[in-house]
Amino acid sequence: MEYTDVVMENFTCPKHVGEIEGANGIGQVGSPACGDIMKIFLKINDDGIIEDASFKTFGCGAAVASSSMATDMIIGKSIEEAGKFKNSDVVDALGGLPAEKIHCSVLAAEAIQAAIEDYHNKKAQQ
Amino acid sequence: MEYTDVVMENFTCPKHVGEIEGANGIGQVGSPACGDIMKIFLKINDDGIIEDASFKTFGCGAAVASSSMATDMIIGKSIEEAGKFKNSDVVDALGGLPAEKIHCSVLAAEAIQAAIEDYHNKKAQQ
Amino acid sequence: MKRIYLDHAATTPVDPAVVETMLPFFTEYFGNPSSVYTEGRGVKKSIEAARLQIAKAINADPREIYFTGSGSESDNWAIKGIAMKNQAKGKHIITSTIEHHAVLHTCEYLEKQGFEITYLPVDEYGLISLDDLRNAIRKDTILVTIMFANNEIGTIEPIKEIGEIVKEKGIIFHTDAVQALGNIPVDVKDLNVDLLSISAHKIYGPKGIGALFIRKGVPIDNLIHGGAQERKKRAGTENTAEIVAFGKAAEMATEHLEENAAHMKELRDLLIKGVMDNIPQVRLNGHPEKRLPGNVNFCFDYIEGESILLSLDIIGVAGSSGSACTSGSLDPSHVLLAIGLPAGVAHGSLRLTIGKHTTEEDINYVVDNLIQIIERLRKMSPINAD
Amino acid sequence: MKRIYLDHAATTPVDPAVVETMLPFFTEYFGNPSSVYTEGRGVKKSIEAARLQIAKAINADPREIYFTGSGSESDNWAIKGIAMKNQAKGKHIITSTIEHHAVLHTCEYLEKQGFEITYLPVDEYGLISLDDLRNAIRKDTILVTIMFANNEIGTIEPIKEIGEIVKEKGIIFHTDAVQALGNIPVDVKDLNVDLLSISAHKIYGPKGIGALFIRKGVPIDNLIHGGAQERKKRAGTENTAEIVAFGKAAEMATEHLEENAAHMKELRDLLIKGVMDNIPQVRLNGHPEKRLPGNVNFCFDYIEGESILLSLDIIGVAGSSGSACTSGSLDPSHVLLAIGLPAGVAHGSLRLTIGKHTTEEDINYVVDNLIQIIERLRKMSPINAD
Ligand SMILES: Cc1ncc(COP(=O)(O)O)c(C=O)c1O
Ligand SMILES: Cc1ncc(COP(=O)(O)O)c(C=O)c1O
Ligand code: FES
Ligand code: FES
């Protein structure tokens, strides 16, 4: 197992941990049986810009670091831009992940997409 | 492979190597294919006493040392006494032999018996 | 930062005294022990001296000790060697669900070759039941292989009782004692075992050297064929340096067994108490008493093992986890599942294994920090119950 | 007395530079390479660096290198692993009569399991015939295993040509290159081999560590099942120290290959000339040109090998013999019988194998003394022709 310094930094002092008040897009992927759950909270303003993002994660170091990095990267982006967000963006920003840990970054990307979908669903119901 | 000092001494400076003139009992056992041949020469006087003995040996260190020790031990003995000579006598005198080398001492004992037999045969023919 | 190593069940540092004994065998006494000449002869003697040290450590005859390249090789040899040699008598083998992979995967391989394996279940503490064993024995059972002590949860199986049952039926009995040696008494005469696997790197010896005890007369095929080494039972030029080191390590382990075990037990109980008293929603895995003196294994609800390990690593503590994530596979430890833990819980396991050099200070440091680490990780968890 | 070691084909002293590299791995970097924490991580890197060094030495991809516990284990794994995995396709294997026992006895074991083995004969120099090979190939042939260079008589087999023939037929090809590495170029890409065995202790590395090259995609069963080490192909906690040492030894061997080989060849030819010119009734075994740079093997008529060895040992020279008596068995070397020597002659063989530190002075000393030793032993022999 070999984590980069950026991964270790994001694991040790993760940014955006916890729930944000008034989140209007929430996505969760994974299951405890699989050993990883990622929950992403988004606060999207009327212009469709992600004003704030946060996470709660049950998972390995790579999962925590991916959550931290991914939330940090999408804050300030439009939901269109965030919709194109891919796991490889997280991996690159982390300076790489061990091969067997790539799926943890996939979880982060999926959780973000789930949160955006949740936002759209909620909006459609309004 | 672990030889005692006595074995090494008898291998390095074997006693009674070669043929003795006027040997009246000669015994040979073994074959080149098996990797060991021992030839014993005895000179037995009219009183049935082994006056001299010698050997020629194709074989391992234990075989050479056994030949040297065995010939040395039977010189001066009567043929009756020599007839009772056993391979364990050689082994004991050598301070022991490795398990897989016991058969080399057996060869020495057999060669002596063959030489004594040869002496008896020759005498019977006279 | 001072490092605190608490993964002695994974491997141990080589004792400096053991390193010392092996050094001359690399450059000076390097001869091939099968040789006639001076360089080889002394080496052979050293190997036989090491064999005697190992024999004494488990109360065997030195002629019953065969050196191998690892504990895994010993397990493979024991099981495949007995299976292949005795298949005319039957093709049924009994083992347990909590064996080391060296046993389990070997059994699974034999299944593919037409053997039938019964995997005995264990209770919540990791103990097999003697009644289950009795019921599993069939006419065509040729081998029972049950580990002496489990590497993850430290549970000690009733080997002597198993040995009695198996012996009565005339079946061959193998035990994997890799975790037992150096921690609890191992006596092949008392235990009724026919084959027993051990490994040097668990007792402050080097990695890559193990041994298999084979009781005289037990019919077994070779696993590694070739030269006449190890009385024609295990080929390969002898790993002289590591054999000598294994001998020394075994001798030291035997000599200090009681004192080391008492020391580890004290610290183990201190660690267990410290964690159980101060951290909520934690469970101790394994048997409360029938456990290795150095083994501690917890499950912390709502958090995942690797996160705990990494957090400990950052503050200088080395531990291990039966969690999926550490091995890069998605399955949690088969041992934790076998004792009945749900997969979600099994993912949050932490194993800390104490060694002869561990101190009370180390344990206190770990407990203090673990309290904070668990709290912090639980705050981050989406499945925290609060 | 100064010792002159001329048994480098049996084993070599570990190079001091190699000992140096391995030392930190016993006490400092002792962690289990599979671990998450700091102690384990660096170790994993060191193992992968060693794998790369080995890969470079034989022009393979590092992912095609698997560490084992010896050259013998590599041979057993290659042959049994291929046999077991591919038995549905056929159960016929081709090898030669002069293979190392690790190959021969493995093949004999497979015969007992229902496989059929063709043992190709060799000519008086120890070479197999490509026509014999072509004729031996059948529809159900799954494996050809022919050694690269013979350990007793030093003959180098036409591996590249064999590889071409075998490849054309789509059969898997293994070669035992234990004696080749460090002495002649070994290039798995050029040679068309699918599997290749090597061992560290023949190239100034430690005993008890080997490797098997397995070309990507070659279907093979494991020999040692268990943990996920070596990409799940060979279980057992990694012998880190010896792996690192093997890497270093392979790197050094590759770097100095030409220079070492030229040096050994020169001394070899000096030794051959010295003996042939001065001692009557002697023959050189093996091929005059296609032979390992360090190998010399003679038969002296009318005398037995161990006697020569002991006599040499007394004057400080370590050599070896294919004679019965050295091994405690009554059969002379199967290699010498295979090249057509009568048993009586084969008993009188002497192998002297030169290393990188051997000097011209050493060789002259040996020749001078050998003349006297042979004369003295012949005088003692009952079958001396004169
Ligand atoms: C040709 C050959 N193959 C295999 C081996 C076995 O190697 P190891 O001693 O590492 O088991 C040897 C040497 O002993 C050898 O010379
Ligand atoms: C119970 C048990 N069996 C077998 C092994 C395998 O031993 P080795 O690592 O020497 O192959 C281990 C340790 O890894 C173990 O804990
Ligand atoms: S979250 Fe399970 S491996 Fe990363
Ligand atoms: S004479 Fe052959 S072993 Fe002694």
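The shown structure was predicted, so the numbers you read here are calculated from the model rather than taken from an experiment. Below, chain A is the first sequence line, B the second, and so on; all start at residue 1.
Between chain D and the residues C:D75, C:D221, C:L310, C:V19, the largest count of heavy-atom pairs under 4.5 Å involves C:D221. Taking C:T68, C:V317, C:T237 one by one and counting their heavy-atom pairs under 4.5 Å with chain D, the maximum is reached by C:T237. For the options D:A318, D:G69, D:G40, heavy-atom pairs under 4.5 Å to chain C are most numerous at D:A318. Among C:T38, C:T27, C:N32, the residue making the largest number of heavy-atom pairs under 4.5 Å with chain D is C:T38. Among the candidates C:T240, C:I79, C:D7, the residue making the largest number of heavy-atom pairs closer than 4.5 Å to chain D is C:D7. With chain D as the partner, the residue from C:M84, C:E238, C:K80 showing the most heavy-atom pairs under 4.5 Å is C:K80. Contact count against chain C (heavy-atom pairs under 4.5 Å) is highest for D:G319 among D:G319, D:P16, D:G210, D:A245.
Ring orientation note: the planes of D:F26 and C:F26 are close to parallel, at an angle under 30° on the 30°/60° scale.
Within the 4.5 angstrom heavy-atom criterion, no atom of C:L104 approaches chain D. With a threshold of 4.5 angstrom between heavy atoms, D:A228 does not approach chain C through any atom at all. Interface remark: C:E73 contributes backbone and side-chain atoms alike to the contact with chain D (heavy atom separation under 4.5 Å). Looking at D:A241, neither its backbone nor its side chain comes within 4.5 Å of chain C, counting heavy atoms on both sides. Neither the backbone nor the side chain of C:F25 comes within contact range of chain D, judged by heavy atoms closer than 4.5 Å. Contacts between C:Q87 and chain D at a heavy-atom distance below 4.5 Å involve the side chain alone, from C-beta outward. When heavy atoms are compared at a cutoff of 4.5 Å, D:L223 approaches chain C by way of both its backbone and its side chain. Only the side chain of D:S70 has a heavy atom closer than 4.5 Å to any heavy atom of chain C. At a 4.5 Å heavy-atom cutoff, the contact between D:T12 and chain C is made by backbone atoms alone.
Side chain of D:K207 to backbone of C:E242: no donor-acceptor contact under 3.5 angstrom is found.
To the nearest 0.5 Å, the span separating OH on C:Y37 from CG on D:L312 amounts to 12.0 Å. One distance of note links NE2 of C:H201 with CG of D:N239; it measures 9.5 Å at 0.5 Å rounding. Between atom NE2 of residue C:H105 and atom NZ of residue D:K232 there is a gap of 8.5 Å, rounded to the nearest 0.5 Å.
Side chains of D:Y109 and C:N222: no donor on one and acceptor on the other come within 3.5 Å.
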